[in-house]
Amino acid sequence: MPTKKPIRVRKSLQELQDEYLKGDKKPLEDLMRAWKGIKELPPGNPRSFFVLGGYHGEPFRGAGWGNSSYWGGYCNHGNILFPTWHRVYLLKLEEALQSIQGCEDVMLPFWDETSDDSLKSGIPWALTQKDFMLDGETIPNPLRSFVFTRDIRDHLTPFPDADYSKPKGYETVRYPLSGLVGQNDKAKTDEHNAKFPDYDLNVKLLNQNIVAWLTSAIIVDGKPIPTNVQKKYEDCLNAPNYTVFSNTTSAAQWLDDTGAHVVPLESPHNSIHLAVGGFDLPNQFDRSPIEGANGDMGENDTAGLDPIFYFHHCFVDRVFWLWQKKHGFTDHLEIIPEYPGTNSVDNQGPTPGTVPNSWLTVESPLDPFKKKEGGKERAYTSLDCLNIETQLGYTYGPGSLEKQVELAAAQVDDGARMVRVSGINRARIRGSFLISAFTHIGGKRHHLGTEAVFSRWHVQGCANCQTHLEAKAFIRLHGLREETVQSAQFEVEVRTRDGLLDRPRALGNIEKKPFHFEIR
């Protein structure tokens, strides 16, 4: 009988760093070597980082970008395929890393985003350090950025002033820098980036931004109230079923149907994208925001071309696995039939190979990823990646959130009221944006929380998107007493790349308020 292969372990990147500093340098060096290898492959090589990174958004591979109903890229957001599509995406990236000579044992580590180290210091240094010593030579750190090996053309751009194309030789950037280099953005970007010439200082600002998103809290009635991403990760582990756990669309409908607030996995995921990519957040955290920060991780179009994307999503996949183990869904997933978030036109629109207005199930293809079976190839489905240990041959090493898996949902559900925001039309907004709630108590303005909406740069050019575009947010009022809620004043801000959404934009003569909110 053939010997069963041992299950491989995806460790935390912090653990690899600790091993490196203690003298066991090979694991981290091999990881760097593998990443250097796939980034140097020709842009036409199917295992090159250019090809794999481009599957998520730009350069919009797959037939269909000439059709106005086309989403752009293969990624699934706002529907039930979000966790499983990205799970297989990581697997294919990991296989590419292992294809580099001498790197057959490399596994993709996870950035443990809710670990004590991250809460205190931000991003692991292996993802931000400018250079790295490899094989006796100092090289640019393969994990901090990617220099495009070919230009990308934004075929979905409806207007010349919203071009998101990027040339060969462009290098991805993170907060506090901007990566908008279209013909009408480049001059402004050059002026902005010239203000931040010190790389090490930029990393410091980036880490301060990450820590602020992960740990923010306010003091009301003498006690701290969490308004942070760490809390969202903890809360999502208590989602009662896979449908609402998996995506923001289904979770929003669940609140309308049941009155129960659920944090979907996609919510804290979105927040980290915008925290790394950068976004203006004036007066919301105790820090000075950087106006004009538009890094690649903050935009759906190019997020997959920044190496940090995969360490972030490895943590998201780990949280998915923790949820599966907590709720007994390691070998099956239950989908609520025909629920919002289960149709190909929900939220983002259909991806290549998916018929518009078709129902999504665990048998839906996870294009473009193929699985060999019986000498033939077929598309992966969610059924092929339910159990990461028995089906995919990997598991996760120790890290944060494991105690939350042991807690029953009733032990951590505080029954808090919430600010419910609705009626936001994404067709009028360029790219990702933030929905933030505030309250005025005792003459002081408090930031209650922010919901990050991770969106395409050009939803205006997608006919399907414009009929499925309402964005909603549900921001919990953790710890506020009922009498405080009754007497406090609340307000909501929607901050876009073009400033606050407070009036109809030129894209349409819409004579109504841009959104509304209520306390529930």
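The basis for the numbers below is simple: all heavy atoms, side chains too, and nothing from hydrogens, waters or symmetry mates.
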* Indicate the atoms forming the closest heavy-atom contact of D24 with P27, along with that distance. => OD1-CD, 3.4 Å

* Asked: Do F132 and L28 pass the side chain to side chain contact (heavy atoms under 4.5 Å, CB included) test, and can you show the C-alpha distance, the side-chain angles, and the key distance before you say yes or no?
  -> CA-CA 10 Å; F132 190 81; L28 185 58; 4.1 Å; yes

* Without swapping roles, check the side chain of D317 against the backbone of R87 for a donor-acceptor pair under 3.5 Å. => no

* **Heavy-atom neighbours of K36 NZ exceed 12 at 6.0 Å** => no

* Tell me whether the centres of the aromatic rings in F110 and H313 are closer together than 6.0 Å. => no

* Is there a side-chain contact between L333 and L383 (heavy atoms, below 4.5 Å)? -> no

* Are L180 and K188 close enough that some pair of their side-chain heavy atoms sits under 4.5 Å apart? -> no

* To do: Could you tell me whether R144 and E171 have a side-chain N and a carboxylate O separated by less than 4.0 Å?
  => yes

* Classify the angle between the aromatic ring planes of Y89 and W85 as parallel (below 30°), tilted (30 to 60°) or perpendicular (above 60°). => tilted

* Give a yes or no on whether the backbone of T215 and the side-chain of Q230 come within a donor-acceptor separation of less than 3.5 Å. => no

* Asked: Is a side-chain donor or acceptor of E104 paired with a backbone partner of G102 at a separation under 3.5 angstrom?
  -> yes

* Nearest heavy atoms of I210 and G122, plus distance in Å -> CG2-CA, 4.0 Å

* Taking C-beta and beyond as the side chain, do Q14 and D18 meet within less than 4.5 Å on heavy atoms? -> yes

* To do: Ignoring hydrogens and angles, tell me if any N or O in the side chain of K326 forms a donor-acceptor pair with the backbone of Q404 under 3.5 Å.
  => yes

* To do: Answer yes or no on whether K92 is positioned over the face of F369, meaning its NZ or CZ is under 6.0 Å from the six-membered ring centre and within 45° of the axis.
  => no

* **Lys/Arg-Asp/Glu bridge criterion (N-O < 4.0 Å) met for E19, K11** => yes

* Any side-chain donor near an acceptor of the partner, E266 and N270, under 3.5 Å -> no

* Evaluate the ring planes of Y394 and Y396, with Trp represented by its six-membered ring, and classify them as parallel (under 30°), tilted (30 to 60°) or perpendicular (over 60°). => perpendicular

* Asked: Mind checking whether F50 and F146 have parallel, tilted or perpendicular rings, split at 30° and 60°?
  -> tilted

* N238 side chain to C236 backbone, donor-acceptor under 3.5 Å -> no

* For the pair D30 and R33, find out whether any cationic side-chain nitrogen is under 4.0 Å from an anionic carboxylate oxygen. => yes

* Is it true that D235 and K231 have a side-chain N and a carboxylate O under 4.0 angstrom from each other? -> yes

* Asked: Going through the distances and angles, do I80 and F245 end up as a side chain to side chain contact (heavy atoms under 4.5 Å, CB included)?
  -> CA-CA 9 Å; I80 56 167; F245 166 79; over 6 Å; no

* **From L265 atom CG to T248 atom OG1, the distance as rounded to the nearest 0.5 Å** => 10.5 Å

* To do: May I ask you to decide whether E402 forms a salt bridge with R318, counting only side-chain N to carboxylate O separations under 4.0 Å?
  => yes

* Verify, without hydrogens or angle tests, whether N141 (side chain) and K130 (backbone) share a donor-acceptor contact under 3.5 angstrom. => no

* Evaluate the ring planes of H312 and H273, with Trp represented by its six-membered ring, and classify them as parallel (under 30°), tilted (30 to 60°) or perpendicular (over 60°). => perpendicular

* Is the closest basic N to carboxylate O distance between K372 and E377 below 4.0 Å? -> no

* To do: State whether the side chain of E95 and the backbone N or O of L90 hold a donor-acceptor pair below 3.5 Å, judged by distance alone.
  => no

* **N-O pairing of K168 and D151 below 4.0 Å** => no

* Does K204 pair with D200 as a salt bridge, N-O distance under 4.0 Å? -> no

* Heavy-atom donor-acceptor pair, S267 side chain to V263 backbone, under 3.5 Å -> no

* Asked: Heavy atoms, side chains only, cut-off 4.5 Å: are L52 and L93 in contact?
  -> yes

* Can you name the closest pair of heavy atoms from L206 and A275 and give their distance? -> CD1-O, 4.2 Å

* Starting from the C-alpha separation in whole Å, work towards a yes-or-no answer on side chain to side chain contact (heavy atoms under 4.5 Å, CB included) for Y175 and V276. => CA-CA 6 Å; Y175 182 95; V276 174; over 6 Å; no

* Structure fact -> Scanning both residues in full, the closest heavy-atom pair of T330 with N387 reads O-CB, 3.2 Å

* Closest non-hydrogen atom pair, Y20 against M133 -> OH-O, 4.5 Å

* Asked: When rounded to the nearest 0.5 angstrom, what is the spacing between CG in L127 and CG in L143?
  -> 5.5 Å

* Between L366 and S382, what is the shortest heavy-atom contact and its length? -> CD1-N, 3.7 Å

* Asked: Does a side-chain heavy-atom distance below 4.5 Å link C385 with L392?
  -> yes

* Please say which of S118, S400, S12 ends up in a side chain to side chain donor-acceptor pair (under 3.5 Å) with D112. => S400

* Strictly under 6.0 Å, is that where the ring centroids of W111 and F315 end up? -> no

* Asked: Should the pair W323 and F329 be assigned to parallel (<30°), tilted (30 to 60°) or perpendicular (>60°) ring geometry?
  -> parallel

* Under 4.5 Å between any side-chain heavy atoms of L31 and L16, yes or no? -> yes

* Would you find more than 12 non-hydrogen atoms of other residues, nucleotides or ligands less than 6.0 Å from D198 atom CG? -> yes

* When you look at T302 and D296, which way does the side-chain hydrogen bond (donor to acceptor under 3.5 Å, both in side chains) test go after all the steps? -> CA-CA 5 Å; T302 56; D296 291 277; 3.0 Å; yes

* Asked: Is the shortest heavy-atom distance from the side chain of T249 to the side chain of F82 under 4.5 Å?
  -> no

* CG-CD1 distance between N45 and I38, expressed to the nearest 0.5 angstrom -> 10.5 Å

* Between N79 and L360, does a side chain to side chain contact (heavy atoms under 4.5 Å, CB included) hold up when you go through it step by step? -> CA-CA 8 Å; N79 66 50; L360 303 176; 3.6 Å; yes

* Go through the steps for E389 and T395 under the test side-chain hydrogen bond (donor to acceptor under 3.5 Å, both in side chains), then give the verdict. => CA-CA 6 Å; E389 297 179 351; T395 193; 2.7 Å; yes

* Please round to the nearest 0.5 Å and tell me the distance separating atom CG of L305 and atom NZ of K39. => 11.0 Å

* Asked: Is the closest side-chain donor-acceptor distance between T138 and D131 under 3.5 Å?
  -> no

* Please work out whether the ring planes of H86 and F309 are parallel, tilted or perpendicular, with thresholds of 30° and 60°. => tilted

* Asked: Is any side-chain heavy atom of Q17 less than 4.5 Å from a side-chain heavy atom of W125?
  -> yes

* To do: Measure the spacing between CG of L237 and OH of Y233 and express it to the nearest 0.5 Å.
  => 10.5 Å

* Asked: Measuring from K120:NZ to D117:CG, what's the distance to the nearest 0.5 Å?
  -> 8.0 Å

* How would you list, by chain and number, every residue that makes a side chain to side chain donor-acceptor pair (under 3.5 Å) with D105, sequence neighbours excluded? -> none

* Short side-chain to backbone donor-acceptor contact, D190 and A187, under 3.5 Å -> no

